[in-house]
Number of protein chains: 2
Amino acid sequence: MNPTILIVEDEPAIQELLAVNLKHAGFLVVKAGSAEAGDSAIRAALPDLVILDWMLPGQSGVALAKKLRQDERTRELPIIMLTARVHEEDKVQGLEAGADDYVTKPFSPKELVARVRAVLRRRAPHLAGESVDIQGLVLNPGTHRVTAGGQTVELGPTEFRLLFFFMTHPERVYTRAQLLDEVWGDHVFIEERTVDVHIRRLRAALEASGHQDRVETVRGTGYRFRGH
Amino acid sequence: MNPTILIVEDEPAIQELLAVNLKHAGFLVVKAGSAEAGDSAIRAALPDLVILDWMLPGQSGVALAKKLRQDERTRELPIIMLTARVHEEDKVQGLEAGADDYVTKPFSPKELVARVRAVLRRRAPHLAGESVDIQGLVLNPGTHRVTAGGQTVELGPTEFRLLFFFMTHPERVYTRAQLLDEVWGDHVFIEERTVDVHIRRLRAALEASGHQDRVETVRGTGYRFRGH
DNA sequence: GCCGCTCGCTACGCTTTCGTCACAAGCTCT
DNA sequence: AGAGCTTGTGACGAAAGCGTAGCGAGCGGC
């Protein structure tokens, strides 16, 4: 549920500075030391935002940004460019390459965290802790509250995370294994049928609030959340 | 807890005059010499109020004000415009740009401080040292006292700071780690479970004053203060 | 129409998490 | 220096939430 941020930066000191501050701000951090490593990391596990250094050994940050903008899967991936240069032409070039924001070194950690939040708020509101509203069913990650028509919906922690995932990924079928990965976290050993039980509990809570048939069963595959 | 004020002013003499008087009035002061520097300073550490000069080298104060009003993060940030001009059209333009108040040079320091307090009182009451009232539970930052229906609520210093934080950030869930950061201060090494104990003490004090269930437990995450 | 597979549902035991208490150390004020 | 209050911490019992097994029903294929 916490946003994952990929840092692509070759200088260990700056990489660490960024990582410490972002972690402290509640983000999950993945690091890469080159554009190529960053590219791999993105393919391995799609992050929610990328902080990309301008100058990198080998392939440059701008080149990677352009590449990411061409691939359909990463077209929407928010990018913040990091650079030591202060020339105006670079800024233009960076934004043309598809960067969402632009930070010049030296920067204050607070400023960077603020910019990360701002970009996430613009590009992926729910990751910035803003509430998700699907047809009167409102889930607020900040307050951990779910309401249906003003009425509070009572949910356990697992049901809350399950609903959060569904509401941020509606209209798409997920297998039990996928849901276990996404909602329970990777590398857990839990029976797949356990998902059924939590689906049942979630359905019961939603129906008690007047939301029938929001979670659909796709026989032989898994479940899907109705977004409309 | 003391409000932070950002001064964006290019003339050192006026900048200093403002800073001295505001500090004397108990405010924390941050200075910037241009609109661009001011913009960075705002992103680096969101101040509680901005004093913005009309005429600035480079980007003007009005332009910055408009920009601040467009960003969601700074939309609510109180702004006081400062100008040497006395033309009525400027005032209109300034207020249209989103300024909360308008002070013309030359000004008396006392007047400026008074206006700062007035704007804070209107936009963020608790920062002006005014009491926060949530459903009959009244907390006064100035006198450090809490009352419920006229009756004084007895609290230790830590419980007071905890309640203050909760009342100024109601309806939002905070983890124990976040509460330690916000209430105890950064970089302290204290067991997370200690938060539980202070929550318990706070609850006991509130319940003795007739406020049941104000602090809610969010299992697996942390605590939340009910604001309604 | 029968058989097998898949899913819904209930009940139960266990793990995790939380609330509470008691105590000792620290701080402040006199 | 001493008294009194405040605070941090460990321990323990309670409760909530969770995972799993088992059974029955429904759907689909042959």
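Chain naming here is simple, since letters A, B, ... match the order of the sequence lines and numbering starts at 1 in each.
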Asks: Between A/R145 and A/T152, is there a side-chain donor-acceptor contact under 3.5 Å, judged purely by atom types and distance?
Replies: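 No.
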Asks: Would you mind reading off the distance between A/R219 atom CZ and D/dG28 atom P, rounded to a whole angstrom?
Replies: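 To the nearest whole Å, that distance equals 6 Å.
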Asks: Any idea which of C/dT17, C/dG19, C/dG8 is nearest the B/Y223 side chain?
Replies: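 Side chain of B/Y223 sits closest to C/dG19.
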Asks: Scan B/R122, B/R117, B/R115 and name whichever one has a salt bridge (charged side-chain N to carboxylate O under 4.0 Å, His left out) with B/D101.
Replies: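 Of all the options given, the one that passes is B/R115.
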Asks: Provide, to the nearest angstrom, the distance between the CG atom belonging to A/L155 and the C1' atom belonging to D/dC18.
Replies: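 In whole Å, D/dC18 C1' and A/L155 CG are 15 Å from each other.
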Asks: Mind calculating the distance between CG (A/D196) and C1' (C/dG8) to the nearest angstrom?
Replies: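 Rounded to whole Å, this separation is 8 Å.
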Asks: Between P on D/dT20 and CZ on A/R176, what's the gap in Å once rounded to a whole number?
Replies: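 These atoms are roughly 14 Å apart.
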Asks: Just by modelled atom types, is the B/T175 backbone N or O under 3.5 Å from a matching donor or acceptor in the B/Q178 side chain?
Replies: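 Yes, because the side chain of B/Q178 sits within donor-acceptor range (under 3.5 Å) of the backbone of B/T175.
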Asks: For atom CD of B/E207, is the number of surrounding heavy atoms from other residues, nucleotides or ligands below 6.0 Å larger than 12?
Replies: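 Counting neighbours around CD of B/E207, more than 12 heavy atoms of other residues, nucleotides or ligands fall under 6.0 Å, so yes.
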Asks: Is it true that A/R69 and A/D100 have a side-chain N and a carboxylate O under 4.0 angstrom from each other?
Replies: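 Yes.
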Asks: Expressed as a whole number of angstroms, how long is the span from B/F160:CZ to D/dT7:P?
Replies: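 After rounding, the gap between these two atoms is 13 Å.
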Asks: Kindly give the atom pairs (protein nitrogen or oxygen, nucleotide nitrogen or oxygen) under 3.5 Å for nucleotides 8-10 of chain D.
Replies:
unit_1, atom_1, unit_2, atom_2, d
D/dG8, OP1, B/W184, NE1, 3.1
D/dG8, OP2, B/W184, NE1, 3.4
D/dG8, OP2, B/H198, NE2, 2.7
D/dG8, O6, B/R201, NH2, 3.0
D/dT9, OP2, B/E191, N, 2.9
D/dT9, OP2, B/T194, OG1, 3.1

Asks: Without decimals, in angstroms, what is the distance between A/I199 CD1 and D/dC18 P?
Replies: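 The answer, rounded to whole Å, is 14 Å.
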Asks: Go through D/dC18, D/dG26, C/dC9 for me and flag the one nearest to the A/R200 side chain.
Replies: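 For the A/R200 side chain, the nearest candidate turns out to be C/dC9.
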Asks: I want to confirm an ordering. Mapping A/G220 and B/R203 to their closest nucleotides on DNA chain C, which one lands closer to the 5' end?
Replies: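 With A/G220 and B/R203 compared, the 5'-side residue is A/G220.
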Asks: Rounding to an integer number of Å, can you tell me how far A/E216 CD sits from C/dG8 C1'?
Replies: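 One finds 16 Å between C1' of C/dG8 and CD of A/E216, rounded.
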Asks: Tell me which one of A/R201, A/H198, A/R203 satisfies side-chain hydrogen bond (donor to acceptor under 3.5 Å, both in side chains) with A/E159.
Replies: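 Exactly one option meets the side-chain hydrogen bond (donor to acceptor under 3.5 Å, both in side chains) with A/E159, and it is A/H198.
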Asks: Quickly work out the B/E159 CD to D/dC5 P distance and round it to whole Å.
Replies: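 Interatomic distance, CD of B/E159 to P of D/dC5: 15 Å.
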Asks: What residue among A/E16, A/E11, A/E9 forms salt bridge (charged side-chain N to carboxylate O under 4.0 Å, His left out) with A/K31?
Replies: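 Result for salt bridge (charged side-chain N to carboxylate O under 4.0 Å, His left out) with A/K31: A/E16.
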